[in-house]
Amino acid sequence: MSEKILQIENLTVNFDGFRALNNLNFSLDTGELRVIIGPNGAGKTTFLDVITGKTKPTTGQVTFKGKSIKGNVEYQIARLGVGRKFQTPRIYLNLTPRENLELSCNRYKNVWNALFGKPSSAERRTVAGLIETIGLETKADLKAALLSHGEKQRLEIGMLVAQSPDLLLVDEPVAGLTDEETENVGNLLLALAESHSIIVIEHDMEFVRQIARKVTVLHQGTVLCEGSMDEVQNDPRVIEVYLGKQEDDHAAA
Amino acid sequence: MILAHRSLEAGSLQLEIKLVDALIQSKPKARQRLLLEAGIVAAIALLLLFVIPPILVGSGQGFRVNLLGRYLALAIAALGIDLIWGFTGILSLGHGVFFALGGYSLAMFLLLQLPDGQLPDFFSPYGVTELPWLWQPFYSLPFTLFAIVFIPTIVAAILGYLVFRNRIRGVYFSILTQAALIVFFNFFNGQQKLINGTNGLKTDTATIFGQTVSSPPIQAFLYTLTILLLVGGYALSRWLTSGRSGRLLVAVRDDEARMRFSGYDPTMFKVLVFAISAGLAGIAGALYTVQSGIITPQAMNIAFSIEMVIWVAVGGRATIVGAILGTLIVNFAKSILSEQYAQIWYFFQGGLFLIVVTVLPGGILGWLREDGVRLVRSQINKRRPLQTYPSLEEDPDVQYERKNLTNRESDR
Amino acid sequence: MLSGLLDGIFSGISLGSVLLLAALGLAIVFGLMGVINMAHGELMMLGAYTTYMVQNALKGTPLFGIYIFIALIAAFIVTAIFGLVLERGVIRYLYGRPLETLLATWGVSLILQQLVRSVSWQLVTIVALFCLLFFGAMWIVARRTDFERARGWFLTIMIPLSAAAAIATGNVLGTLYKPAFTKLWFDARNVDVTAPKWLRGGFPIAGTQFSYARIFIIVLTIACVVGVYWFLNNTSWGLRIRSVTQNRTMSACLGIPTKKVDALTFALGSGLAGLAGCAVSLLGSVGPNTGQNYIVDTFMVVVVGGVGKLAGSIIAALAIGTANYLIGSNTLVDLTAPIKPLSDTFAFFSTISMAKVLVFALIIAFLQFRPGGLFPQKGRTVDA
Amino acid sequence: MSYANATLEPTKPDTDLPMLEVNDLNVYYGESHILRDVNMTVFPGKMVCLIGRNGVGKTTMLKTLMGILKPRSGNLKLDGHSIIARTTDQRARLGIGYVPQGREVIPRLTIKENLILGLEALLERPKKQEIPEEIFELFPVLKTMLSRMGGDLSGGQQQQLAIARALMGRPRLLVLDEPTEGIQPSIILEIEAAVRRIIETTGISVLLVEQHLHFVRQADWYYAMQKGSMVASGPTSQLSNDVIQQFLAV
Amino acid sequence: MAKSFGRREFMILGSTAAGSILLKACGSNPSTTASPGASPAASTAASTSAAGNTVKVGILHSLSGTMAISEKSVVDAENLAIEEINKAGGVLGKQIEAIIEDGNSDWPTFAEKAKKLIDQDKVATVFGCWTSASRKAVLPVFESKNSLLWYPVQYEGQECSKNVFYTGAAPNQQIEPSVDWLLENKGKEFFLVGSDYVFPRTANTIIKAQLAAKGGNTVGEDYIPLGSTEVKSVIQKIKQALPNGGVIYNSLNGDSNVAFFKELQASGLNPDKYPSMSVSIAEEEVKAIGVDYLQGHYAAWNYFQTVNSPASTKFVDAFKAKYGSDRVVNDPMEAAYIMVYLWKQSVEKAGTYEDLEKVKTAAYGQTFDAPEGRITMNPNHHLSKFVRIGEVGEDSLFKIVYETKEAVKPVPWNQFVADTKGFACDWSDPAKGGKYKTT
């Protein structure tokens, strides 16, 4: 289990002179659930963009399951086994949840299969099971546009799972959710963590506390520190990033 | 097991069970609907074949049968536009190219129905004495049939691949298709010696099966063929827009990037749809040409290709029936209005564009579904008979969802 | 040989500057606002007709010698006002939906074409009366609080009512004052714009002759480019336009009236179309279809140049103009004469229509390497 | 939610009407309820700080205040007049100076042009567009780089520029959204000092969204937000560690 | 007829109930302005048809699109002739009623409207078309339905349909004499410029053959797409091919002419060294291009407004009285005007307008004192016409520099082109028909 599923070395991303990521090193064990936190603009979303091939790194290397992903475009990386959930839920609004899931679940994503393939019974079972897992049985055949925000979030996570990736990248899964929904999503992620490697980006500290085993703090494009929730919480550098220098407090006062 | 998930109030449990029942029954229901739809399509086709022509002829409007045939051929092209624009969200302003390629293919074949060694007569003023190589394959009927469908398809696939590959989208794609239109127009317009330039190719006087193309039996045959192919095009569009491929089209329109992250390569899907829609345009072009008697580079002028879009927009984008309906309505309106108000037809056409875009973005069918239904029902206050496309208003799930969402808003 | 070379350079620049002048307004509107204005060509046509009207009005007066300058100003003002009306009436409802703008402005272009064919005092009266009745009634009724609810009824009643009243009045007046009132201003026929004497003929250099009209257009194009550059960089409205283009929301937060800026930008782009129309009337015909010839070419300039970049548009226009000229004239055929297959290929394309084929093919090939054009816009892009 | 009802009214200065009053504001993104019945008040000459973690709705609150987002219900009053129907640019001209999150300096305009844009908020624009000396006194660094592009500045410089730009319009209410985000500590202190000086010299009100405790403590009054609701408020002098742990800390 | 009218009206009223009245009012007016006299006939066409006191004829030209520029004035001339005939008592005692259709500059539309005129309106004959392409598009319609078209424009020849009467010039009545005249008076080196469509292409083929036969020299030819106004590279080619001057033979059509002559002057190619002969520029076009650009250039036609004859004066006066004193007449308008009269004469001679065979037979040998002179209809469906060459003068009119003493007989099948050399056409003799060998 200690094998690394994702390894990132010296990653730098330059946007017109602005370094969104700066010499970042990161690794994730197979089967691990990792939470990444950090103030706004720390480079969290860019980090996911690089892994999924949306943004090309200026320098540095991303290794997934022991192979460099360099030169692969988004859909190829996705086929390698990286699934991503976006900050705001991105689902196909004019399809039903069932159809959304079926599209993701489909093993053969070529044009031929799209025309002539039929969902296999195994796939259909998987989808039915997933609908149950994400709690959308009653709405499985309504347009996804009619779902509530929380349901959309859950559906997108479900789509991720349907893709059965080895690595799940989840960007702010509980933004805009109620407490109850937040907890549901947390449980869902924990359940998934039993069989997948997951990276979660989140701001909601209560939620982070609920799910996190190991936390990585990003700041200005690099890893500031890594450790358990308690360690991170008490790390002076983290406190400084989030709350400002504590000593200054006294100095100025 | 389905019920054992989330807390539901006792009252809605009853409803829940009903919904589950409905879901379980949905399979045979879907088949029934499909049969019903096929029945309706067949009925309309028969109506078009056997009832409408005699009525038109009987009322002294015989030439409108020919118009109808031509407009039905245009409707096939509109189906293609609907696939690429309505369902997939890519606005092509260059379908005239494909339309013309289909038309030219068939016209070249027809013009070669001559005794051995003779050339089509338009060649003589240009001093051409030997059949250009471009024409040679069109002696063969199988090749011509292939060419009508696949030359446009292949051209579209190449063009589409070159453009989509670079993720050129939206208006850029539209402008580039327009540029392609200009390229082809200039080429066909400028090559007098090859394909008679501006004058185009005339098919009326060509003979096939021992009859001139413009003779009534052949025209009746073409009219029938058009209807059959339109039904075929309808079936193809239905097939493409339902099931997995239909979902993928919607997915391309809704969120192309999401598709990529799910492991799909949207470029290939877009190329495929573009190519298929081009093939439909090619068939339409061929049928239109033989029924109107001439194909000229005018089929590739900018206005015509934009008009195709407006047919679909008027009927209702992303509805297959809408594409056909829109084509017939706009073209008959054009033909009748331009008889009555020959001088100011452009005012109407321009106004149509403005109205459809600003007031009726859903087109006629869209309006019927959204407002029309409500209006009619509130007027007669009774249930609507079941249609081929049951509206959302009829769907119990939607009603349930509506109520639930409304509750959600007020809760806090 | 020297004269041929000079001529080639001059012609390329001259073609390019016509393209650039036509594309300038489009580039501003498309680049700054993301609006596809298919009616741009028809705005040019309006500019050309304005030139015609000014020419006729000044015929026989001492000002006739410089009528072209007055026409330039008039064309700018007329088309800018028209652009303003267009923006307020149609475009502003379609921001952020470029494909819809494209279709709507195409409709506008058809209407404009027909307008110049059909315009007469009668039509003007009918339209004016309709607007007066309809918007007047709207103005009165809109002050009632329950207007929003009754809006549908108001529209269904007032539109036919005011239309009927306007048309009836127009027809009555038409029969009363028949020839003068119903006479078409322009009809479908082309009208003649004759350059003032000093703009006709050419300037002889080294055995060739540079057309004064073309020199005038090159100068005008330079003046327009400089003028636009100056306006955008040295005036407060220019500053506002640039600001809104780069960050609409923040600009609003600073207190910039973004709607006014939109309207002004569109009016500016339209006004430039008017100038272009005035200029091309010196070269070609003025008729209802005048604008149609330019629309795709100018879009190509904008696409090749990269959206929102003045420099890109300039280079693209010159490049396309020169390429068109080089291929369309026999220059390339002669140059490549030693290499037979190449020269044959160029000979095949060496008519004006076939040159266009090759140039457009080259553009598509070019976009394979630079999909964003010469100077691609970084960051925010115009997406459908 | 133990603090939900602990809201105290901020101490009211003797005669003044509130500069800003927010009543029962509800904002949605599509179907998701972002702000829930938000109430808050800013009195003239006071500095009020809105605290809370990322994603609790602070920025949404400010955007609604600026009119970038439309509330579904509730009211906003500036100096006693409802501004709910005003457009964003009108609000700016009514005297709200906005320094958004991420600065939003116009990248391809020079510093000088960016500053001059600040004059847009003035009801009567001066004939001569000059940048008053006070601005450079507050932010001396700007004076040296007037002709550089806004996008080329460092984060801290951009932040100073953004504040200076807002001040050019002589606002009655200055709204700052996380002015210290991603900025070096030394510059944070400069910015803090500048904001304090602005309040002292001009007497305008400031609404600040901030996470840096040091800065937060400069304010007169705080509001704490969680999940789209106001959950606590009080004078910053009484801002307890308990509250900080609950709403602000990691 | 009444039935069909009812249906048509019904369709419109039914679809846009309120709008229709609105459209009707609006729609009839511009047409009124274009042709005030004839419009009552046009717009009330259907309603009076029930009376049975009228003969319906079709008028089929482009009222919109690129060709509207030229074709609208032809419609005016046809309306003038119809009005005159109606005032004089009509044809066979019946009033002529014109049904105007718009071909929209689109050839398939021409075919569609032709079918409509023949099938639905059952017109006695159709006056129409301008471009050869539109004529060729409607030709099969007229042939298959055995109906009759009158075509008023000079064209490239190489056609002789039994269902068409051609009242414009055949190449031997315009192009060939003008080339002869140029060879004699202006030089032997020719550069040919034309719009890219069938008439210029064929015309230039003929000219090249003729020049080759008569010792002239074609130094170059170039074509511009219809409607294009970028003519710079053509001028360049002319300069290269004719560095020291020579003849430009111009068969450009429409808008391109404006750009062409503006550019010609700007590049210093003046008519003294580079005289041009145009075959598509008449009085109307001179007005639209601007006389300052054209002065000194030549055009070949059968008729100019300056032709000094009573018939011509009468025609010009009548036209100006009807449409305004600022209007001018030109050759195609004259051809359109006389073809209505020729039809009337033929019908009256045949005693019927329904039996087309009789009408056609009656037409052969018909003469008419046309504005251009006394013309005769030949059995090959073409007119014997007078050939004239004019030079554009200061007053925008043509100074006639050459004219034939007698009408020139038409030769539809060109004798310079190898394919058609030795062929002729004679519909009066069933044995000969449209294309028979003379030698």
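The sequence lines fix the lettering, A, B, ..., with proteins before strands; numbering per chain opens at 1.
Taking all atoms of both residues into account, the shortest heavy-atom contact from C/Leu99 to B/Ser174 is CD2-OG, 3.6 Å. The shortest non-hydrogen separation linking C/Phe360 to B/Ala179 is CD2-CB, 4.0 Å. Contact record, C/Ile111 with B/Phe347: O-CE2, 3.6 Å, taken as the closest heavy-atom pair.
Using a 4.5 Å heavy-atom threshold, the side chains of B/Val183 and C/Ile364 count as separate. The shortest side-chain heavy-atom distance between B/Ile175 and C/Ile36 falls under the 4.5 Å cut-off. Residues C/Met38 and B/Ile306 meet the side-chain proximity criterion, which asks for heavy atoms closer than 4.5 Å. Looking at C/Trp106 and B/Ile310, their side chains never come closer than 4.5 Å, going by heavy atoms from C-beta outward.
Taken from CZ in C/Phe369 to CG in B/Asn166, the straight-line distance is 9.5 Å, to the nearest 0.5 Å.
Heavy atoms closer than 4.5 Å to chain C are found in both the backbone and the side chain of B/Ala303. Proximity to chain B (any heavy atom under 4.5 Å) is shown, for C/Glu100, by both the backbone and the side chain. At a 4.5 Å heavy-atom cutoff, the contact between C/Leu115 and chain B is made by backbone and side-chain atoms alike. With a 4.5 angstrom heavy-atom cutoff, B/Leu352 does not touch chain C via any of its atoms. Within the 4.5 angstrom heavy-atom criterion, only side-chain atoms of C/Leu102, from C-beta onward, approach chain B. At a 4.5 Å heavy-atom cutoff, C/Tyr93 makes no contact with chain B through either its backbone or its side chain. Of the two parts of B/Leu159, only the side chain, counted from C-beta on, holds a non-hydrogen atom closer than 4.5 Å to a non-hydrogen atom of chain C.
Around CH2 of C/Trp185, the count of heavy atoms belonging to other residues, nucleotides or ligands within 6.0 Å exceeds 12. Surrounding OH of C/Tyr95 are more than 12 heavy atoms belonging to other residues, nucleotides or ligands, all under 6.0 Å away.
Ranked by heavy-atom pairs under 4.5 Å with chain C, the list B/Ile302, B/Asn189, B/Thr358 is led by B/Ile302.
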